[in-house]
Amino acid sequence: MAQNGAGPDVRAGRAAVELSLRVLFGDEFVAGAEASFVDSFVTSNAAWRSTLLSLWALSKGTSSLPQAPAPDPAIAATQASVTPASPAPAALVAAPPVAAPPVAAPPVAEPPVAAPVTEVPATAAENGSSAGFEVFDPSTAAGDGMPERREPWTYEEVRATLVALLEESTGYPAEVLEDDADLEADLAIDSVKQVEALAGLRERYGLAIEDSFTIRDYRTIRQAVKYMTDRLNNERSSRAVAP
Amino acid sequence: MTGTGTTRRRRFAERVVLITGSSRGYGRALARAFAAEGAHLVLNSHRSATDGRDLASEINRAGDGRAVYVCTDVGEEENLRGLAGLVADQFGRIDVIVHNAPSGFERPVDATTWYEFEVAMRVNTYALIGLARWFRPLFGERGKFLYVSSIGAERALAGYGTIGAAKAASEALIRSLALEWAPRVQANTIRPNIISSVSLRSFSWSDLLWKITDEESPLGIQDVSRLVDVALWMCSPDADYVTGQVISADGGFSTTMCRDGLTIQQRPPVNGARTVVRS
């Protein structure tokens, strides 16, 4: 196995790596890349795996390169602005943006010059009709809006939903999202994206957050799907149990 | 879960409390604590409606007060106007506002687009101005306005520059609000220590920050209920004489540099946050 700073085998390996990266990304990219980044391809198959997956995603226009250091900060900024949901360096604090940023941000409406003391807040009737403003009052709500369901939830249907979410956020093809692959180690899906996908899955099925939940307990698609399916059948299929 | 006193307190009975960003994490824990002391809650989040509805239902079942959940983006002023209208219609007044909703992008400053900075500013800072503007007529006597900031408002964390800047701006606004609204309403900032939450995991360095914070805080990382206790005190009549302040509920983390030489030696070498977090 190659060791850092060792003999001719490593150098030959590194030359091959550099050539491959040149073919994939161009001379300029390799010239600007940090040595440790290039070295990671000499010693790690995972680096190849994640890079090729990212490249595939990039070719589909759904992602940008996750680990590749940009040779020019201006390019990094441009990439980030085109794909705000891109991996690691572009992690979003709260949740992913729903759309690419507008080229020109719309101007914020000018506040009235007069002090707002005389202004009145909108009435409920006014805001009730507004998109992006949804009120939930448990004392009057009939339910949580989720469809009724009698038959048990199956592993396969929950899996399909999760895979669709992961496809969307990573740009990976469904085939590589294998049930027992480690999301982080094998598929280079970082914890930010894992959290997003699982939160999206909960939202889709109307399952609230659990105080004890930690993402580390669900490292594979199989573990995550099993967790969700069990919860669905415990919490959302009580009607099926009732006579 | 809430309150460390031996007797259950009722400092917020019949008080109307709005918490932005309260479906998960610190905001959720705050909401439960206010509810346990009798408050009516107006809950809010933007992208986690299931969690928000769940919490509203839970509080309505268990709490003495009512709870309503509003799914909306507080980064849009029109939505804050709507929120104030809803509170006016349903409760007739507001007693406590906690602005806890965060947003932004983990980015180096020199890789941040104006759009991304604006997202952080809108939710953290513009929203604070909007809340002040639209809810001001609804405040009665001894009202409380609390902004939830973080240590990132004062110290640099990798990739947190624009969010920290937004938080620092909000802290400055809070000081001005405290001046403008005296003596009717007290406005303060709390900087809680980190807690285990979805938001924390949104950062690539969450594991490293957890380790450092736990090691360097004289009181270590504590259960969220201890951080909630401080916020509730700041919003209670006990803190009527506290205004315009920034209070760190951080177990002393922000006051120390090197708690224990031995701990430092045992720590793995830090070559960069991402390297360690990924390992």
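Below, chain A is the first sequence line, B the second, and so on; all start at residue 1.
- The candidate from A:D137, A:T140, A:I209, A:L207 with the greatest count of non-hydrogen atom pairs under 4.5 Å with chain B is A:I209.
- Heavy atoms of B:R61 lying under 4.5 Å from chain A are absent altogether.
- By the 4.0 Å N-to-carboxylate-O rule, B:R53 lies close enough to A:E134 to be salt-bridged with it.
- For the 3.5 Å distance criterion, the side chains of B:Y69 and B:S45 qualify, holding a donor opposite an acceptor.
- Using a cut-off of 4.0 Å between Lys/Arg side-chain N and Asp/Glu carboxylate O, A:K226 and A:D230 are scored as salt-bridged.
- In this structure, chain B has no heavy atom under 4.5 Å from any part of A:L198.
- A:K193 places a side-chain N or O within 3.5 Å of a backbone atom of A:S169 that can act as its donor or acceptor partner.
- Counting heavy-atom pairs closer than 4.5 Å to chain A, the top residue among B:D73, B:D54, B:V70 is B:V70.
- Your options are B:G25, B:S48, B:S197, and the one with the most heavy-atom pairs under 4.5 Å with chain A is B:S48.
- Of the two parts of B:A67, only the backbone, made up of N, CA, C and O, holds a non-hydrogen atom closer than 4.5 Å to a non-hydrogen atom of chain A.
- For the side chain to side chain donor-acceptor pair (under 3.5 Å) test, no residue two or more places apart in sequence or in another chain qualifies with B:R184.
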